[in-house]
Each structure stands twice: as structure tokens, then as C-alpha cells.
Amino acid sequence: MKIIKYLNTFALGLPIIIAFLGLIDGNYYGTALVSTMLTGFIQVVLSLLLLSYNPSNKYLQIYIITVILFFTLWYLNANYFYSDILTFLLFPIPLLLAIYLSIIIYKKETL
């Protein structure tokens, strides 16, 4: 569990560290934004790993279902119908998912 916690901390800290480098040289801000995709990928892999060890965990099931729902809505919004309201509503979801999974991981560490 400690390794999962460390990987999650790395995934969350990577964009922040790169953004701080942007204070020195403004060219790193784009890299920091792109690295958030790596954060999401690492967190999805970690959640699938945790879910494979504990398939009855409702919090992890909610996380995976929300991730699938997010990408489904994003795909449908981009390819079949476009709604500014849906785009506006989908924009903060990855940040909320990162916070939600981090809470799950850190709470599980203390249990």
C-alpha cells in the first residue's frame, strides 16, 4: 500500500513541480498541463490495481464508473453532439476524480 501511496503522490506532484519550473521559464506551463494526462493514467491504473485486490470496494467501483462515464460523455460530446454546457460541466471532473481517488488511497493507508 505504501508503494501505491508514493506513486499517487508522485502522480499528483509531477504537474505541480513542472508548473513551478514554469515560474523560472514560461515554456514549462504547457508541459505541466500535458503531464496531468500522465497523472490521470497513473491514477486509473492504480485504481484498477486496487479494485483487483478488493473488488467489493464501493468507493473504487464508483471511481471506475465515473471515469467510464466521463470518457463516454466526452466522446459523445466531441463526436456526435456538441454542448457548451456539457463541456463546461466536464471540465472540472478530472480534478475531482484525482482528489477522490487520493482520498480513497490515503484513507486506506491509515486503516
Side-chain angles (χ1 to χ4, degrees):
M1 192 64 199
K2 281 186 176 183
I3 294 172
I4 291 175
K5 180 183 171 189
Y6 290 144
L7 281 172
N8 187 58
T9 303
F10 169 76
L12 292 174
L14 181 65
I16 296 168
I17 291 169
I18 295 173
F20 279 131
L21 290 174
L23 295 173
I24 299 168
D25 182 10
N27 294 331
Y28 288 104
Y29 290 126
T31 307
L33 287 174
V34 171
S35 70
T36 59
M37 289 187 281
L38 180 62
T39 298
F41 178 75
I42 291 171
Q43 285 200 324
V44 168
V45 169
L46 289 176
S47 68
L48 291 173
L49 181 67
L50 288 171
L51 193 61
S52 70
Y53 289 128
N54 191 2
S56 62
N57 188 328
K58 291 181 184 179
Y59 300 116
L60 290 171
Q61 291 173 353
I62 291 170
Y63 176 82
I64 294 296
I65 289 169
T66 308
V67 167
I68 292 169
L69 182 64
F70 167 76
F71 280 108
T72 303
L73 287 173
W74 182 33
Y75 179 79
L76 292 173
N77 190 35
N79 293 315
Y80 295 107
F81 60 88
Y82 181 77
S83 169
D84 286 331
I85 295 170
L86 183 58
T87 302
F88 180 73
L89 291 174
L90 288 176
F91 194 76
I93 299 297
L95 175 64
L96 296 174
L97 284 171
I99 293 169
Y100 181 67
L101 184 65
S102 296
I103 290 170
I104 293 171
I105 289 173
Y106 294 118
K107 289 257 186 197
K108 193 170 186 77
E109 169 74 16
T110 58
L111 296 178

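Scope of the values below: all heavy atoms of this structure, side chains included, with no hydrogens, waters or symmetry mates. We number each residue from 1, following the sequence as shown.
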Whether Phe71 and Trp74 hold their rings parallel, tilted or perpendicular, with breakpoints at 30° and 60°: tilted
Nearest atoms (heavy-atom pairs only) where Thr72 meets Ile68: OG1-O, 2.7 Å
Distance (rounded to the nearest 0.5 Å) between Leu86 CG and Leu73 CG: 5.5 Å
Shared hydrophobic cluster for Leu95 and Leu90 (ILVMFWY, side-chain gaps under 4.5 Å): no
From NZ (Lys5) to OG1 (Thr9), nearest 0.5 Å: 6.5 Å
hydrophobic_cluster_shared for Met37 and Ile99, side chain cutoff 4.5 Å: no
Mutual orientation of the aromatic rings belonging to Tyr63 and Tyr100 [parallel < 30°, tilted 30-60°, perpendicular > 60°]: parallel
Ile85, CD1 atom: more than 12 neighbouring heavy atoms under 6.0 Å: no
Pairwise distance CD1(Ile4) to CG(Leu49) - rounded to 0.5 angstrom: 4.5 Å
Residue pair Ala19 / Tyr29: nearest heavy atoms and the distance that separates them: O-CE2, 3.5 Å
Gap between atom CG of Leu33 and atom OH of Tyr28 - 0.5 Å precision: 15.0 Å
Phe88 atom CZ: more than 12 heavy-atom contacts under 6.0 Å: no
Minimum heavy-atom distance Gln43-Ser102, with the two atoms named: NE2-OG, 3.4 Å
Whether Asn77 side chain and Ser83 backbone form a donor-acceptor pair below 3.5 Å: yes
Any side-chain donor near an acceptor of the partner, Ser47 and Tyr59, under 3.5 Å: no
Stepwise side chain to side chain contact (heavy atoms under 4.5 Å, CB included) check, Lys2 with Tyr6: CA-CA 6 Å; Lys2 281 186 176 183; Tyr6 290 144; 4.2 Å; yes
Donor-acceptor contact below 3.5 Å, side chain Thr39 vs main chain Leu12: no
Partner of Leu46 by side-chain contact (heavy atoms from CB on, under 4.5 Å), out of Asn8, Leu51, Ile3, Leu60: Asn8
Shortest non-hydrogen separation from Ala32 to Ile18 and the atoms involved: N-CG2, 3.5 Å
Tyr80, OH atom: more than 12 neighbouring heavy atoms under 6.0 Å: no
Single-linkage hydrophobic cluster, 4.5 Å side-chain cutoff, Phe41 and Ile16 together: no
Nearest-0.5 Å distance, CG of residue Asn57 to CD1 of residue Ile104: 6.5 Å
Side-chain heavy-atom pair Leu50, Ile105 within 4.5 angstrom cut-off: yes
CA sep, side-chain torsions, deciding dist, call: Leu101, Tyr106, side chain to side chain contact (heavy atoms under 4.5 Å, CB included): CA-CA 9 Å; Leu101 184 65; Tyr106 294 118; over 6 Å; no
Derivation of the side chain to side chain contact (heavy atoms under 4.5 Å, CB included) call for Phe91 and Thr87: CA-CA 6 Å; Phe91 194 76; Thr87 302; 5.9 Å; no
